[in-house]
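Predicted model only: the values in this text are computed from it and were never measured. Numbers restart at 1 for each chain; the letters A, B, ... are given by sequence-line order, proteins then strands.
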Amino acid sequence: MDLEIIGILVLWTFLFGYTMIASIDFGAGFFNAYSEFTGKEHILSMIIQRYLSPVWEVTNVFLVFFFVGIVGFFPKTAFYYGTTLLVPVGIAVILLGIRGAYYAFATYGKTEQKRYTFLYGASGLLLPASLSIVFTISEGGFVSIVNGEPQLNYWTLFTSPLTWGIVILSITALLYISAVFLTWYAAQAQDERASQLLRKYALTWAFPTIIAAVGIIYILQSHNPTHYANLLQLWWVFAISFIFFLGSVWLLFRKKNYGLAFILLVAQFAFAFYGYGFSHYPYLLYPHLTLYDSFTNEAMAISLISAFIAGFALLLPSLYLLLKLFLFNKEYVRGRASRHY
Amino acid sequence: MINEEAVYYSRILTELTLSFHIIYATIGVGIPLFIMIAQWLGIRKQDEHYILLARRWTRGFAITVAVGVVTGTAIGLLLSLLWPKFMEVAGHIIALPLFMETFAFFFEAIFLGIYLYTWDRFANQFKHLLLLVPVAIGSSFSAVFITTVNAFMNSPQGFDLLNGELINANPLLAMFNPSMPTKVSHVVSTAFMTSAFVLASIAAYRLVRGSKHVYHKKALHLTLTIGLIFSVASLIIGDLSGKYLAQYQPEKLAAAEWHFETQKQAPLLLLGYLTDDGDIRFGIKIPYALSILAHGSPTSEVIGLDQFPEEDIPPLYIHYLFNIMVGIGTLLIIVPLLYWIGVKRKWTWIKSKAFLWLLVLGGPLSMIAIEAGWWLNEVGRQPWVLYGIMRTAEGATTSNQVELMLWLFSGLYIMLGIGSVIVLTRMFNKNPIERELKERYT
Ligand code: HDD
Ligand code: HEM
Ligand code: HEM
C-alpha cells in the first residue's frame, strides 16, 4: 500500500471516531438544554454528567489528533485549508471553548446555571454547522487562487445549496447518533423515562438524516460531477449502509436490543463515511490538491507511521480501560458507585 | 505576497493565545507531580492531611486542565490558520514531535478522566495513585514534545535547502537540535518550580489570613522544599541556556544584554535605560559576568550586535524581560532558602505576616517569570519564525479576517480567565479545609 493511503486511512479513521463521539457529546448537550426548556428537566442531566464529563477531554484529543496529523502527513493542506478556513474553524474553536468552559465551570466547578446549560446546548448545534464547512469546501468551487494565494468566496459558499445541505445533514445525523446512543445508555442505567424520551428523539431524527444525505448526493450531481460519478460507482457501499440503518430503526421501533441498534448505527455511518472518503479519492481539495501532491517526504511519513503504531499500542488498552470503567460498568452507569472527587 | 495587516494581527493573536495557554499549561505540567507526592505521603504516613491535600489540588487541577485543553486546541488550530506557510514547512520537518504530543494528550486525558472519577473506588489506595502516573508522564511529555518544536524554530536542522526546496529531511535530527536539551529541561523544571510556588502561595495565603491549621503548614513545607530544588535546577539550566545562546544565537544574547561591541571580559548589565543615541544609563555592570554566562570563563570573547546587520537584530526591550526572569529566579531561590534555614534554626520571623506575604507573592512572580522567559525566547528570535530560514512575515496568512478573529478570541479568553478565577475561589472558599475535615472524619 502507498504511504499516502496509509496516512489518509489513519486520519480518516480518527476523524470517523471524532464524528461519532463528538456527535454524542454535542447532541447530548442539545437534548439536555431542550428538555430543560420544555420542563422535562434533569431527566438527562444525570446521564450527561455520568458519561460525558469523564470523557470529553478524550473526545477533544481525537480532533487534535486529526488536525495535527493532517499537517504532518499532508503539509500542503496547511497552506490551502489554513488560509481559507480562518473564519469557520476559528468560530468552531470558540464554540469548543464554550463547551470546555461548561465542563470546567459547571461540572467540575459545580456551578450549574441555566445560562451555561443553554450556551452549551446551542454550541452543540452550531459546531457541526461550522465544522462541516470543511467538507463543503473540499468539494471545490469555493476556493479560487488569487496571486498564488487561495481565497474563500464567502458569497458563493453561503448561497450554495450544497453548503446548507451538508449543514442540515450534519445536524440531523448528530441528533440521531446521539439519541440512539443515549437511549441505550439510559436503558443500561435502568432509567426507563429517559430511555423512552430519547428513543422518541431517535425515531424523530432517523428519516430526516437519510433524506438530507440523499439530497446532498442529488446536489453533488451538478456541483461536482466527477465526485458524483465516483459515488455512484460505490453504490453498493451505500446500500449496505442503508440496510444497517433500517436494522437499527426497526430495533428502536420494536423497543428491542438498543445495544445492537447502536452497533448497527456505527456500522451504517462507517460504511457511509468510508464510502464517501473513497469516492473523494484522490482529491483533498477539488481540483487544487490531491493526496499525492500534498504528501510529506518519505522519511517523515515513515517516522510518523512508526510513531503512530507505537502510540496506538499504548492508546488501545487505555481507551479500553476508560470505556470499561465508564461505559460498561453497570454499577457506575446506574449511579451506585461513588463519583466523588 | 505579504499582507501587512494580516501579519500584524496574526502576531497579536498568536502572542495572546500562547501567553494565555502557557499559564494553564505550566500548571498542567507541574501539578500532577505534587498531587502524586502528596497522595503518596498520605498513604505512606497514613496522614489524612496529605490525602486531602491531593484531593483538593486535584479539584482545582481539573479546572485548570480544562482551560488548558481549550486554549491548547485553539493554539493548535490557530498555528495552521494564522501561519499556513510556516506550518507547511514545519509539517515537512518537525511534524513528528507534534504528532507524538497528541499521544501524550490522549494518555493524559484518558487517565485524568479515570483518576478524577475513581476516588474511593479502590480498596487499595496505591492503585488509585498509580492512575496518576500516566497523567504526570503525559503532561510532562506534552511539554517535552512541544518545546522540541519550539527548539527547532530556534535552531533548525535536519534538512538541506536547495533552491528554496527542503530536501533530505531527517525528522530525528530535527528533533534533537542544539537548542533542545537546554530548552526542554529549562521549561520542564520551571514548570515544576512554578507549580510549587503557586501551591505554596495558596497555603501561605491561608496562613496570612489567620488559619493556624497544621494542614496549611504541611502544604507550605512540602511545596517550598520541592520548589527550592527546582529553582536551583532552573538556575543551573538557565545558565546552560545562556551558553547555548552564545554559541548558536549570539544576537539574541547580545540583544538581551545590550552588548553592542564584541569584546573579551564582557560585563553583565542589570537594568538600565537606553538613550536615543545608544548610550546606556543607570545600569549596573557586573564585571566578567557575561563572559561567564556565555562561555564559563571570565576572559572569553562574547559576540556583540556589531556583527549583525540591522534587519536581523531582535527588539532590544528583551533586556528587561531577561532581567525580570533572572531577578525572579534569584529571589525564588533566596526566599525558600531563608524559609528552610528558618525552620531548622527556629527563627520566628519566618512566621511573620510580612514574610508570609512574600511567599504569597511567589506564585504570581514565578508565573510572571514564565511569561517573561517565553517572551524573551520568542521576541528574541525575531525577525525569524524559523531562525535563519523563514522570516515571520513570510509565514503568515494573507486572510483579511484576522482582526475579527482577534476580537472574538479575546472575548473567549476574558470569559475563560475570569470564569476560572471565580470558580476556583468559590470552590475553595465555600468548602474550607476545616469544614471538609470535619465532614469527612466525624
Ligand atoms: C519560572 C520561570 C523561570 C525562571 C525563574 C528562570 N527562567 Fe529562564 N526561561 C523560562 C522560565 C524561567 C522559560 C519560560 O521556561 C523559558 C522561555 C523559553 C524557554 O526555553 O524557557 C526561559 C528561557 C531562558 C533563556 C532563553 C533560552 C533561549 O532563548 O533559547 C535563558 C538564557 C534563560 N532562560 C536563562 C535563565 C537564567 C540564567 C535564570 C536564572 C535564574 C532563569 N532563566 C530563570
Ligand atoms: C512551544 C511552542 C511555541 C511555538 C511553536 C510558537 C510559535 C510561534 C510563532 C509561529 C510565532 C511567530 C508569530 C509572531 O511573531 O507572533 C511566535 C511568536 C511569538 N510567540 Fe511563540 N510559540 C511557542 C511558545 C510560546 C509561548 C509559550 C509564548 C508566551 C508565553 C509565546 C509568545 C510569543 C510571542 C510574544 C511572539 C511574538 C514575537 C514578536 O512578534 O515580536 N510563544 N511563536
Ligand atoms: C505552539 C505551542 C502549543 C501548542 C500548539 C499546544 C497545543 C495544545 C493542545 C492542542 C492542547 C489540548 C490537548 C487536549 O485536547 O487534551 C494542549 C494542552 C496542553 N499543553 Fe499546549 N500547546 C502549546 C504550547 C505548550 C507549552 C509551551 C506547554 C508547556 C510548557 C504546553 C503544555 C500543555 C499541557 C501540559 C497541556 C494539557 C492540558 C493541561 O494540562 O493544561 N503547551 N496544548
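If you check the side chains of B:S420 and B:Y24, you find a donor sitting under 3.5 Å from an acceptor. The closest side-chain donor-acceptor pair between B:S10 and B:W83, if any, does not fall under 3.5 angstrom. A donor and an acceptor atom, one from each side chain of A:Y80 and A:S294, are nowhere located under 3.5 Å apart. Residues A:N60 and A:Y103 bring no donor and acceptor atom of their side chains to less than 3.5 Å of each other.
Residues B:F86 and B:M153 form a side-chain contact, since some pair of their non-hydrogen atoms from C-beta on lies under 4.5 Å apart. Counting only heavy atoms from C-beta outward, the side chains of A:V68 and B:E101 never approach each other to under 4.5 Å.
Proximity to chain B (any heavy atom under 4.5 Å) is shown, for A:F308, by both the backbone and the side chain. Within the 4.5 angstrom heavy-atom criterion, only side-chain atoms of B:M100, from C-beta onward, approach chain A. Using a 4.5 Å cut-off between heavy atoms, B:L412 contacts chain A through its side chain alone, with no backbone atom that close. When heavy atoms are compared at a cutoff of 4.5 Å, B:F409 approaches chain A by way of both its backbone and its side chain. Proximity to chain A is limited to the backbone of B:I93, based on heavy atoms less than 4.5 angstrom apart. Using a 4.5 Å cut-off between heavy atoms, B:V89 does not touch chain A at all. Both the backbone and the side chain of A:L319 come within less than 4.5 Å of a heavy atom of chain B. In this structure, chain B has no heavy atom under 4.5 Å from any part of A:F66. In this structure, no portion of B:Y413 lies under 4.5 Å from any heavy atom of chain A.
Ranked by non-hydrogen atom pairs under 4.5 Å with chain B, the options A:L152, A:V89, A:T84, A:I302 are led by A:V89. Highest contact tally toward chain B, considering only A:L96, A:T296, A:V71, A:L86, is held by A:L86 [criterion: heavy-atom pairs under 4.5 Å]. Ranking A:I94, A:I91, A:L63 against chain B, the residue ahead of the rest is A:I94, based on heavy-atom pairs under 4.5 Å. Contacts with chain A were tallied for B:I110, B:L172, B:N170; B:I110 has the most, counting heavy-atom pairs under 4.5 Å. Of the residues considered (A:L321, A:I98, A:L314, A:V87), A:V87 shows the highest number of contacts with chain B, using heavy-atom pairs under 4.5 Å. Taking A:A301, A:G100, A:G90 one by one and counting their heavy-atom pairs under 4.5 Å with chain B, the maximum is reached by A:G90.
For A:F65 and B:F99, the distance between ring centers is under 6.0 angstrom.
A salt bridge between B:E48 and B:R55 is absent, with no side-chain N of the basic residue lying under 4.0 Å from a carboxylate O of the acidic one.
One finds the CE atom of A:M20 at 12.0 Å from the CZ atom of A:F62 (value rounded to the nearest 0.5 Å).
More than 12 heavy atoms of other residues, nucleotides or ligands sit less than 6.0 Å from atom OH of A:Y18.
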